[in-house]
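What follows is a short report on a single structure.
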There are 2 protein chains.
Amino acid sequence: MNESFFQLPQEKRMAIINAGFRVFSRHSYKNSPMSEIAAAAGISKSLLFYYFKNKKELYLFLCRHSTELTQQEITRQGCYDREDFFDIFLSGLKVKVQLMKRYPDLSLFQLKAYYEKDKELRGEINKLIGEYSGYETQAQMLKLDKSRFAEGLDLKMMYTDMYLASQGYLWEKLQGGKIDPDRMEKDLTALAEFWRKVYSRK
Amino acid sequence: MNESFFQLPQEKRMAIINAGFRVFSRHSYKNSPMSEIAAAAGISKSLLFYYFKNKKELYLFLCRHSTELTQQEITRQGCYDREDFFDIFLSGLKVKVQLMKRYPDLSLFQLKAYYEKDKELRGEINKLIGEYSGYETQAQMLKLDKSRFAEGLDLKMMYTDMYLASQGYLWEKLQGGKIDPDRMEKDLTALAEFWRKVYSRK
DNA sequence: AATATGATTGACCGATACGGTCAGGAAAGG
DNA sequence: CCTTTCCTGACCGTATCGGTCAATCATATT
């Protein structure tokens with residue numbers, strides 16, 4: 001990892017990073033050619049190897065960087081100071097949208113990284129972005145104030161529903177290749193408000 | 001397409017078909033090697049080329065076959081004689097589950113085919129399994145009896161929610177590589193019953 | 001102007017993967 | 001036996017890709 005990479009003008013550095021997110025989020029690790037990343041960044045393949053000594057280093061740098069960026073944005077937005085469940089969801093959404101404006105393919109990159117199966121990478125990815133625990137366990141751990149939600153509502157199922165629908169939305173956009181932060185904010189906000197209305201105690 | 005393929009003992013023919021579904025559902029068309037399909041089917045690559053004159057022919061056969069199978073199962077289950085919306089959803093689920101028991105990767109194969117981007121294939125896929133119209137339009141076309149659902153419920157959003165969550169579930173299982181029809185039936189039935197409870201008029 | 005230093009490239013290499021072919025060996029049937 | 005069908009391993013040409021390298025370009029220094 002050549003230090004000069006960090007001395008690059010922001011524009012060029014971002015171009016390389018985004019090119020990496022882009023290509024890796026659309027194919028598996030193995031099927032993401034360095035040449036394509038270089039082309040997407042507007043530089044030569046050789047120069048890419050000048051900054052990163054090999055493909056693995058680039059990939060792992062992007063893993064690390066993506067979590068740093070996410071963490072940064074989360075604290076910047078003060079996500080977890082909220083107490084209303086749907087507000088938390090919405091602020092989480094805000095984070096993704098803000099991030100997506102600067103790094104259109106970041107969340108898709110992370111999504112793919114969670115599921116990357118390459119033997120040589122799997123272990124290191126876990127260290128960098130954390131193992132994905134599955135929505136079932138997340139739903140288990142949820143501690144919510146029952147009195148704020150509709151009577152008799154199964155909160156675990158509610159969470160499952162919300163999680164799966166958001167995930168389904170993301171996958172759909174990923175496959176379609178259409179990434180539009182504003183559209184995404186609009187769609188998912190509408191969903192969240194729908195849920196708030198349906199699930200809240202009257 | 002060698003006619004002798006259809007004279008094969010069912011077991012062997014199914015092995016080949018399922019191998020095709022399996023491999024094509026896990027990679028893109030381009031990245032699905034014929035050798036891997038052959039290996040998964042327990043035959044030699046040469047024999048696979050004996051039955052199908054090239055990769056494209058095999059792929060398109062699988063497209064055709066998967067829709068035929070689905071269509072068959074749908075009429076067999078008499079899906080659309082039901083009138084209750086959630087019953088329709090559940091019978092659709094039954095179709096998928098039944099099919100999945102014989103062809104574990106069929107629905108994943110179709111899901112991938114909808115999004116396959118290969119220039120040479122795109123047109124023919126549409127002809128065989130139909131173009132995917134997007135859930136938004138599906139939600140538009142929905143004609144439901146408002147009086148059966150909770151008062152003031154946004155039916156379009158309800159459908160969007162249900163569609164995205166089911167889709168999210170499928171993607172999640174696809175990526176995790178864990179395909180278990182019974183598990184799927186259990187999970188999605190639970191979701192459907194949850195929705196029925198929340199969305200129905202009290 | 002000469003030189004040194006780092007940035008950047010195109011051409012190239014070795015390895016590998018893959019679609020497809022082919023000559024010929026088993027099997028099955030007569 | 002012989003013929004036809006089934007089936008395989010070895011092989012080929014091509015394309016791709018990670019990575020290298022010598023050469024060039026830009027810039028700053030002497």
Side-chain angles (χ1 to χ4, degrees), chain A residues 1-17 19-63 112 116-121 124, chain B residues 1-20 22-63 112 116-121 124:
Chain A
M1 170 111 233
N2 189 326
E3 287 308 315
S4 65
F5 177 72
F6 299 106
Q7 313 305 321
L8 247 37
Q10 206 204 18
E11 195 185 344
K12 191 169 177 179
R13 207 174 57 242
M14 291 261 294
I16 295 174
I17 291 171
F21 285 153
R22 174 119 218 259
V23 174
F24 282 126
S25 72
R26 274 155 177 76
H27 323 283
S28 66
Y29 171 75
K30 213 191 72 169
N31 291 313
S32 298
M34 290 292 270
S35 54
E36 195 180 326
I37 298 173
I43 61 174
S44 68
K45 190 177 63 159
S46 323
L47 187 54
L48 194 55
F49 276 103
Y50 177 71
Y51 293 130
F52 300 91
K53 82 173 200 290
N54 55 37
K55 187 166 155 178
K56 188 175 169 182
E57 188 180 274
L58 169 59
Y59 184 82
L60 291 177
F61 163 75
L62 290 174
C63 284
K112 271 294 194 67
E116 176 59 50
K117 278 184 278 290
D118 189 290
K119 267 274 168 62
E120 189 157 321
L121 254 43
E124 316 225 25
Chain B
M1 170 109 232
N2 190 326
E3 287 307 317
S4 65
F5 178 71
F6 300 106
Q7 314 305 322
L8 249 37
Q10 207 204 17
E11 196 186 343
K12 192 170 178 181
R13 207 174 58 241
M14 292 261 296
I16 295 174
I17 291 171
N18 274 328
R22 174 123 219 264
V23 175
F24 282 126
S25 72
R26 275 157 176 75
H27 323 282
S28 66
Y29 171 76
K30 213 191 71 166
N31 291 314
S32 298
M34 289 292 268
S35 54
E36 195 180 326
I37 297 173
I43 61 174
S44 69
K45 191 177 62 156
S46 324
L47 186 54
L48 195 53
F49 276 103
Y50 177 69
Y51 294 129
F52 301 90
K53 82 174 201 289
N54 56 38
K55 187 168 157 179
K56 188 176 169 183
E57 187 179 274
L58 169 59
Y59 185 82
L60 292 177
F61 162 76
L62 289 174
C63 284
K112 272 293 193 67
E116 176 60 50
K117 278 184 278 288
D118 189 290
K119 268 274 166 63
E120 190 157 321
L121 255 42
E124 318 225 24

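Lettering of chains follows the sequences in order, A, B, ..., and the numbering in each one begins at 1.
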Proximal nucleotide (of C:dT8, D:dG18, C:dG19) relative to the B:Met34 side chain:
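Given the options C:dT8, D:dG18, C:dG19, the side chain of B:Met34 is closest to C:dG19.
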The side chain of B:Ser4 is closest to which nucleotide in this list: D:dC6, C:dT8, D:dC7?
D:dC6
Could you tell me the separation between the [atom1] atom of [X] and the [atom2] atom of [N], rounded to a whole number of Å?
X       : N      : atom1 : atom2 : value
A:Ile37 : D:dC17 : CD1   : C1'   : 12 Å
B:Leu47 : C:dC22 : CG    : P     : 17 Å
B:Asn31 : C:dG19 : CG    : C1'   : 14 Å
A:Lys45 : D:dC21 : NZ    : P     : 14 Å
A:Leu48 : C:dT8  : CG    : C1'   : 12 Å
A:Phe49 : D:dC17 : CZ    : P     : 12 Å
A:Phe6  : C:dA7  : CZ    : P     : 14 Å
B:Glu36 : C:dC18 : CD    : C1'   : 12 Å

Quick test of your reading of the model: are A:Glu36 and A:Arg22 salt-bridged, counting only N-O distances below 4.0 Å?
no
Can you find a heavy atom in the side chain of [X] that is under 4.5 Å from one in the side chain of [Y]?
X       : Y        : answer
A:Tyr59 : A:Glu116 : yes
B:Lys56 : B:Tyr29  : yes
B:Lys12 : B:Ile43  : yes

In terms of the nearest nucleotide of DNA chain C, which residue is placed more toward the 5' end: A:Tyr50 or A:Lys30?
A:Tyr50
So B:Lys12, base contact, sugar-phosphate only, or nothing? Heavy-atom distance under 4.0 Å.
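Since only primed, P, OP1 and OP2 atoms lie under 4.0 Å of B:Lys12, the category is sugar-phosphate.
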Determine the contact category for A:Phe52: base if any of its heavy atoms lies under 4.0 Å from a base atom, sugar-phosphate if only primed atoms, P, OP1 or OP2 are that close, otherwise nothing.
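No contact.
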Is B:Ser46 near enough to D:dT8 that one of its side-chain N or O atoms lies under 4.0 angstrom from OP1 or OP2?
no
Single hit among A:Phe61, A:Phe5, A:Phe6 for ring pair (Phe, Tyr, Trp, His ring centres under 6.0 Å) with A:Tyr51
A:Phe5
